[in-house]
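Source: prediction; values computed, not measured. Reminder, nothing fancy here: chain letters follow the sequence lines and each chain counts from 1.
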Amino acid sequence: MTNREIAKTLEKVADILQIKEENTFKIRAYRKAAESIYHLDENLTVLYEQNKIGDIPGVGKTVTGHIEEMIEKGSLAYYEELLEEVPYGVLEMLAIPGLGHKTAKIIYENLGIDNIEDLLKAVEDKQIRELPRLGSKSEYNIKKGIELLKESYGRANLGVALPMAEEFIKYLDVIEGIEEAVIVGSARRGKPQVSDIDILVASNDFAVAKANIINYQAINKIETIEDNRVSGRLTYNVEFEIILVKPADFIYNLVWTTGNHTFRDKLLGAKDPDEFKNIPDEGSLFDLLNMEFIPPELREDEGEIELAKSYDLPELVTEQDLKGDLHIHSNWSDGACSIEEMTDACRDLGYNYMAITDHSKSLHISSGLNEERLRAEGELIDKLNSQREDFTILKGIEVDILKKGELDFSDEVLQELDLVVASIHSNFKLDVDKQTDRLLTAMKNKHVNIIGHLTGRLLNRRPAYELHMDKILDGAVKNKVVLEINSHPDRLDVDEVIARHASLYGIKLAINSDAHHTRDLLNRKFGVLSARRGWLTADDVINTWDITKLRKYLDNKVK
DNA sequence: GCCGTTTTCGGCCCGACTGTTTTCAGTCG
């Protein structure tokens with residue numbers, strides 16, 4: 001079993017214990033162990049061989065035994081026993097927003113419902129409102145929750161789909177019958193969510209290629225095998241489709257299958273595919289069309305074809321352009337790593353600077369810093385900075401924006417910092433006017449440099465809160481506030497549409513990782529893809545600038 | 001169930017919102 005599968009099993013154990021209303025600290029212990037394993041750098045099997053499972057923080061004697069059993073047998077008897085009492089379908093119901101362990105228990109015990117389909121039927125039969133502590137509003141919310149959940153069934157976040165696609169490519173690269181394999185479709189365009197993974201394969205022998213493709217171990221189910229196509233489902237039910245073409249037709253099909261439908265029809269619909277046989281790369285195809293190469297992320301028919309014809313496309317920002325990260329957590333609040341570890345990881349990425357932006361005091365759940373701890377953290381940062389000439393740690397905070405737009409720290413505290421990221425972490429359901437005013441009020445504070453994850457969306461989990469975006473962009477311009485593209489694949493917020501608008505307004509953006517662990521720094525890949533989809537250049541993104549230019553911009557904010 | 005330069009036993013994370021309520025339980029971040 002992989003680390004991820006083991007973590008997931010422990011998480012499910014915690015869920016069942018919670019439904020059974022066992023000791024809350026025992027439940028928390030299982031969750032903590034699961035979390036710890038989920039974020040583990042080392043492979044558990046390797047630690048097992050070195051007899052070091054027990055060294056993992058939060059993993060004691062009992063859980064060590066569980067993990068060893070899962071590695072040895074591929075399953076956990078304790079979990080199987082628990083499932084006898086609480087069926088797996090009841091655990092799946094927990095994915096419905098607003099439906100927690102207590103409610104799941106009430107529904108299961110009173111109505112015997114143990115899957116989402118039956119739950120939906122009970123909602124429609126108005127059975128839920130009859131249960132203790134539940135009424136018609138809860139019933140309605142459950143219905144809405146199930147609808148939201150079902151929408152997400154057919155869509156995978158890029159953070160899940162892209163690594164799976166890359167693994168698949170690794171397999172395709174070494175099997176017989178395949179000359180070349182690349183990711184195409186919406187995953188190649190970097191869309192935050194994809195309906196499936198599309199892969200284009202060049203092959204001289206489709207029969208051999210197909211016979212080998214279907215042996216890929218991560219395939220859960222093959223749905224169709226046609227002449228030049230194989231489709232089915234991978235782990236986590238993610239759909240895939242493999243399209244086979246002859247090597248001579250590869251580049252034409254690469255362009256044909258990468259862009260969205262209107263793009264490809266507009267670009268190639270009137271062309272004879274044979275005109276593009278045996279060309280070496282995509283650049284040659286665009287040359288033959290007398291236009292500039294269009295990066296995959298732009299191939300959406302949003303004006304890029306016209307600009308490519310006049311060789312006027314913007315030069316999009318790249319990962320290599322980034323010189324720092326301006327939203328990073330450490331173990332002073334809810335991060336997993338020390339400031340020193342985050343510094344080393346940023347230096348390894350070639351960065352020249354980073355901002356430590358831990359949470360502020362109101363966010364108790366994330367161990368937000370009070371004034372005193374913030375000052376102490378600043379002293380440590382001063383000390384670390386004095387030891388290094390070539391790297392700068394900016395003293396920052398991710399300060400909570402409170403209900404009416406006031407900030408969690410006074411101006412006196414904020415003015416001591418190099419950088420202030422202000423974010424909303426509560427009261428998501430204010431009406432659109434109040435929520436807009438709240439953010440505008442926060443932006444007016446002279447110390448606020450960046451608004452973190454502007455709309456608060458969590459892909460497949462929580463919709464964005466509503467805002468009058470024109471007013472927000474206006475406020476950002478007037479107050480010289482930078483908007484963040486949060487690179488976490490569950491957020492990618494602001495999105496490409498807002499990013500493109502913002503840059504047209506003259507607003508600067510920051511591609512931030514919001515890292516809570518050194519490995520999260522690599523999420524920048526997703527942030528950069530989103531920025532490119534928003535047509536951003538390096539100059540639009542403040543963390544591509546050198547530290548001098550960046551500091552000057554930040555200092556200019558304070559009037 | 002985990003953990004320990006105050007503890008091998010007795011602590012562990014809490015405040016706000018929502019929906020169901022006449023005083024609070026459940027969910028979420």
Here the distance between atom P of B:dG1 and atom NZ of A:Lys61, to the nearest Å, is 12 Å

In the 5'-to-3' direction, what one-character label does each nucleotide of nucleotides 16-29 of chain B receive under the scheme B = base within less than 4.0 Å of a protein heavy atom, S = sugar-phosphate only, - = no such atom?
SSSSS----SSSSB

Quick check on the 6.0 Å ring-centre criterion: do A:His453 and A:His425 meet it?
yes

Base-pairing assignment for B:dG1 (Watson-Crick or G-U wobble, both under 3.5 Å):
B:dC12

Tell me: CG of A:Leu402 to P of B:dG15, nearest whole Å?
14 Å

Kindly say if A:Ser367 contacts the phosphate of B:dC13, meaning a side-chain N or O under 4.0 Å from OP1 or OP2.
no

Result for side-chain contact (heavy atoms from CB on, under 4.5 Å) between A:Ile116 and one of A:Leu99, A:Leu149, A:Ile142 points to A:Leu149

Note: A:Lys121-A:Asp118 ion pair, threshold 4.0 Å (strictly below):
yes

In whole angstroms, the gap separating C1' of B:dG1 from CD1 of A:Ile37 amounts to 13 Å

NZ or CZ of A:Lys12 within 45° of A:Tyr30 ring axis and under 6.0 Å:
no

Ion pair A:Lys191/A:Glu496, N-O distance below 4.0 Å
no

Taking atom OH as the centre, does A:Tyr38 end up with more than 12 heavy-atom neighbours from other residues, nucleotides or ligands that are less than 6.0 angstrom away?
no

